[in-house]
Amino acid sequence: DGGITQSPKYLFRKEGQNVTLSCEQNLNHDAMYWYRQDPGQGLRLIYYSQIVNDFQKGDIAEGYSVSREKKESFPLTVTSAQKNPTAFYLCASSKLAGGTVSPLHFGNGTRLTVT
Amino acid sequence: GESVGLHLPTLSVQEGDNSIINCAYSNSASDYFIWYKQESGKGPQFIIDIRSNMDKRQGQRVTVLLNKTVKHLSLQIAATQPGDSAVYFCAENFGGEYGNKLVFGAGTILRVKS
């Protein structure tokens, strides 16, 4: 089955540590995204990438970093500079068809808890 | 509809009834809209989408209505089932000067009573 795999499902870290969340897709989608979800709020875009070796900041990129070395993979690092890292993180991918937007397909998320 | 603070609006319906979930969007220039369903502990699942040149689109047991005059989107679920219980949220695409940028609402909780 094609889809997006995020791992791990739950992650616990001490404050001051960097942590990397994995996202892999086998949908052959060009674009990949990272969102953060907090209770009672809409998804907020952290970073996105439309092509290998290129990525753009979203609305809340501070304290995060990404890489896109392969089309299938878009890992997110939550650095110690992120002031409020505890959240549910969602990875998504989509097709790119010229300028036409298409639905995002989401993984099942990673819940990060930092204490 | 949209949420305020930590509390999402909740819609409770009896199994077998129809459900209508509403969403007020913000940008009159938005050209594309999506409805997602999110079950507890899972990622959002695509339900149905609609482009701004349409005012209605039907899927299997679901219908999306778009009223651009009042910037309102609704999702109708026919014969609601217990498996429909989830958080539903809409997303609008800020086109034009924004390029393509999806903006998500916080969601509405749907509870189905058996």
Side-chain angles (χ1 to χ4, degrees), chain A residues 1-11 21 23-25 27 29-50 56-60 87-113, chain B residues 1-10 23-27 29-53 57 59 62 64 73 75 86-109:
Chain A
D1 273 343
I4 300 177
T5 303
Q6 289 188 242
S7 60
K9 189 169 177 62
Y10 299 97
L11 195 51
L21 282 58
C23 178
E24 303 278 330
Q25 55 103 356
L27 298 167
H29 285 169
D30 289 300
M32 296 188 74
Y33 311 79
W34 275 104
Y35 286 89
R36 172 182 171 134
Q37 187 174 37
D38 294 285
Q41 297 187 40
L43 302 182
R44 292 184 289 166
L45 182 63
I46 304 172
Y47 268 99
Y48 66 100
S49 167
Q50 296 184 324
Q56 308 294 330
K57 292 182 179 180
D59 299 317
I60 55 165
F88 190 50
Y89 290 88
L90 286 161
C91 179
S93 70
S94 70
K95 296 179 187 176
L96 289 180
T100 304
V101 69
S102 58
L104 270 57
H105 297 259
F106 286 89
N108 277 326
T110 292
R111 187 165 297 281
L112 173 64
T113 302
Chain B
E2 298 297 319
S3 72
V4 176
L6 298 178
H7 303 292
L8 299 180
T10 300
C23 177
Y25 64 91
S26 60
N27 184 0
S30 289
D31 57 4
Y32 176 68
F33 305 86
I34 311 175
W35 277 102
Y36 284 96
K37 172 187 180 184
Q38 187 175 22
E39 296 173 272
S40 181
K42 294 187 176 179
Q45 178 185 358
F46 170 82
I47 302 172
I48 192 168
D49 57 1
I50 187 169
R51 301 202 181 269
S52 59
N53 60 353
R57 190 162 188 228
V62 295
V64 55
L73 194 66
L75 177 71
V87 176
Y88 290 80
F89 55 88
C90 63
E92 61 181 301
N93 183 56
F94 280 33
E97 66 186 274
Y98 295 93
N100 286 317
K101 176 180 177 177
L102 280 175
V103 176
F104 292 84
T108 296
I109 299 170

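Chain letters run A, B, ... following the sequence lines, proteins first and then strands; every chain starts at 1.
Scored by the side chain to side chain contact (heavy atoms under 4.5 Å, CB included) test, A/Asp30 finds A/Lys71, A/Leu96 as partners (sequence neighbours excluded). B/Val62 pairs by the side chain to side chain contact (heavy atoms under 4.5 Å, CB included) definition with B/Ile47, B/Ile48, B/Leu75, B/Ile77, not counting sequence neighbours.
In this structure, no portion of A/Asp38 lies under 4.5 Å from any heavy atom of chain B. The contact between A/Leu104 and chain B is made by backbone and side chain atoms together, counting heavy-atom distances below 4.5 Å. When heavy atoms are compared at a cutoff of 4.5 Å, A/Leu43 approaches chain B by way of both its backbone and its side chain. Only the side chain of A/Phe88 comes within contact range of chain B, with at least one heavy atom under 4.5 Å from a heavy atom of that chain. Using a 4.5 Å cut-off between heavy atoms, A/Thr110 makes no contact with chain B at all. For B/Gln45, no part lies under 4.5 angstrom from a heavy atom of chain A. Of the atoms belonging to A/Tyr35, it is side-chain heavy atoms, and not backbone ones, that fall under 4.5 Å from chain B.
No side-chain donor-acceptor contact under 3.5 Å links B/Lys42 to the backbone of A/Gly107. Between the side chain of A/Asn108 and the main chain of B/Gly43, a donor-acceptor pair closer than 3.5 Å is present.
Of the listed residues (A/Gln37, A/Arg44, A/Gln6), the one with the most heavy-atom contacts under 4.5 Å to chain B is A/Gln37.
Scanning both residues, B/Ala106 and A/Gly40, for their nearest heavy atoms gives CB-O, 3.4 Å. A/Pro103 and B/Ile34 get closest at one heavy-atom pair: CA-CD1, 3.9 Å.
Considering only heavy atoms from C-beta on, A/Phe106 stays 4.5 Å or farther from B/Phe46 through its side chain. Counting heavy atoms from C-beta outward, A/Gln41 and B/Leu8 have side chains that stay 4.5 Å or more apart.
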Applying side-chain contact (heavy atoms from CB on, under 4.5 Å), run through A/Asp59 and B/Lys101 and close with a yes or a no.
-> CA-CA 11 Å; A/Asp59 299 317; B/Lys101 176 180 177 177; 3.0 Å; yes
